[in-house]
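Remarks on the structure that follows.
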There are 2 protein chains.
Amino acid sequence: MTEKENNTEKLILDAAKNVFLRKGLDGARMQEIADEAGINKALLHYYFRSKDKLFETIFQEAFKQFLPRVSDLIVSDKPIFEKIWGFVETYIDMLMANPHVPIFILSELNHNPDRLINIFQGFGIQPQFFAAQIQKEIDAGVIRPVNPRHLIVNMLAMCVFPFVGRPIIKGILFQNDDVQYQVFLQERKTEITLFIINALKVE
Amino acid sequence: MTEKENNTEKLILDAAKNVFLRKGLDGARMQEIADEAGINKALLHYYFRSKDKLFETIFQEAFKQFLPRVSDLIVSDKPIFEKIWGFVETYIDMLMANPHVPIFILSELNHNPDRLINIFQGFGIQPQFFAAQIQKEIDAGVIRPVNPRHLIVNMLAMCVFPFVGRPIIKGILFQNDDVQYQVFLQERKTEITLFIINALKVE
DNA sequence: GTCTATATTGTGATAGAC
DNA sequence: GTCTATCACAATATAGAC
């Protein structure tokens, strides 16, 4: 009973995540989700009233994965460059494990920005903390003066973009060679970190 | 006749571009395109046989806009930092004029990467040229040693990401204030250029 | 070229047996 | 809880008058 319930629900959620992440809300078909879960359409509606409700569940789950969980890293007393390295490494590792999450989240948010409203409770995103530390380091003369907001966007951009632009980068720069592309993503962890450090450090 | 033809065709293309860019292929409705063009559905099929054909036309057009047209800049004999400034400024200006193009292209490519195959003739994308120049400058000791591919991706990422991630950045960093966000985008032209220059220049 | 009306298929959702 | 059968409607596409 509860065994079976949870099991089926998990099957559905896994299948739904796969299909929604590949096709998006509009492109996904309930039939395809049912097939991938090894059940029939009616069961989908039994567990999740509607396609929208099922999607909402998947979206929330994916959104959590899209936001790097680095709050304890940020509030730690490590030096700034170590934090940056930690951020980039953690985030890219997570993205490599969930490569379709970024384009999914960003695409759906662009099609329906209102989703952000229903999601901003209980997340505790505080870029201000990081921005404040950056400003402190600038004032102390540890790093070159930069606009903290631009630095944050630059970090995010360099980490996330290879996943959002995967087909184009892989196609143009690597002739669609998957192995080369995986290597490239691995390299980026040190490459991005060094790039940022060089941009920030005072001579 | 030809006057009216071209006029109606233009109306359709403009409407289709708006709707497809906002909603994507799967989310767009022929009815909505017809309404926005001020005509009826049947005419859409008269001018473009099917939804897919109409979409293909829009996609190709948008894809051209997504690729920065900077070949003459790249092959010029300007110094490397000037080229980088030129690239960033040109590209961001173009993206600000067409802010929905990046997420549209990248989202559709992720949903159907095969589109890249039908599009790679007559584009003459040669990142190798730029990569070669970067390598030359490194060998000459003008800039710090970096992997040219990573540098190119970093440049693209920092330019494009604010448009792909617009809802999230605008929401979290600017409390959805449109004016502040436009200012932020303008700032990025110098901010990105300086960031790259600092990361590259030898002491 | 442009319209109205309609055919046809696809898709989310429900009814009801087991 | 799970299934089959079916409803109701949405959406692409076409026929045919003007």
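Each chain gets a letter, A, B and so on, in the order the sequences are listed, and its residues count up from 1.
In this structure, the CE atom of A:M30 is 16 Å from the P atom of D:dT4, given to the nearest Å. We find that OH of A:Y47 is positioned 18 Å from P of C:dA13, with the value rounded to whole Å. Summarising the geometry, the separation between CZ on B:F20 and C1' on D:dT12 is reported as 12 Å, rounded to the nearest angstrom. To the nearest angstrom, C1' of C:dG10 lies 11 Å from CD of A:Q31. Rounded to a whole Å, the CD atom of A:E32 is 11 Å from the P atom of C:dG12. In this structure, the CG atom of A:L54 is 16 Å from the P atom of C:dT11, given to the nearest Å. In this structure, B:D26 places its CG atom 15 Å from P of C:dG10, rounding to the nearest Å. The interatomic distance linking A:L44 (CG) with D:dG1 (P) rounds to 15 Å, in whole Å.
Aromatic pair B:F184/B:F174: ring centres closer than 6.0 Å. The aromatic ring centres of B:Y181 and B:F163 sit 6.0 Å or more apart.
Proximity note for A:I39 (side chain, C-beta onward) versus C:dC3, D:dC3, D:dA13: the nearest is D:dC3. Comparing C:dG1, C:dA13, D:dC3 by their closest approach to the side chain of A:S50 singles out C:dA13. Checked against C:dA13, D:dT2, D:dA15, the side chain of A:L43 finds its nearest nucleotide in D:dT2. Closest to the B:K41 side chain, of the nucleotides D:dC3, C:dG12, D:dT12, is D:dT12.
Residue A:T8 places at least one side-chain N or O closer than 4.0 Å to OP1 or OP2 of D:dT2. Applying the 4.0 Å criterion to OP1 and OP2 of C:dT14, one finds that A:H45 has every side-chain N and O outside that range. The side chain of A:N40 places no N or O atom within less than 4.0 Å of a non-bridging phosphate oxygen (OP1 or OP2) of D:dT2. OP1 or OP2 of D:dT12 sits under 4.0 Å from a side-chain N or O of B:R29. For C:dC3, neither phosphate oxygen OP1 nor OP2 lies less than 4.0 angstrom from any side-chain nitrogen or oxygen of B:Y46.
Backbone-only contact: A:A28 has heavy atoms under 4.0 Å from sugar-phosphate atoms and none from a base.
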Would you please test B:F130 and B:I134 for side-chain contact (heavy atoms from CB on, under 4.5 Å) and show each step? CA-CA 6 Å; B:F130 190 56; B:I134 293 169; 3.5 Å; yes
For a side-chain contact (heavy atoms from CB on, under 4.5 Å) check, start with the C-alpha distance between A:C159 and A:M155, then their side-chain angles and the critical distance, and finish with the verdict. CA-CA 6 Å; A:C159 291; A:M155 284 178 61; 5.5 Å; no
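Of the charged side-chain nitrogens involved, at least one lies within less than 4.0 Å of a carboxylate oxygen, so that B:E36 and B:R22 count as a salt-bridged pair.
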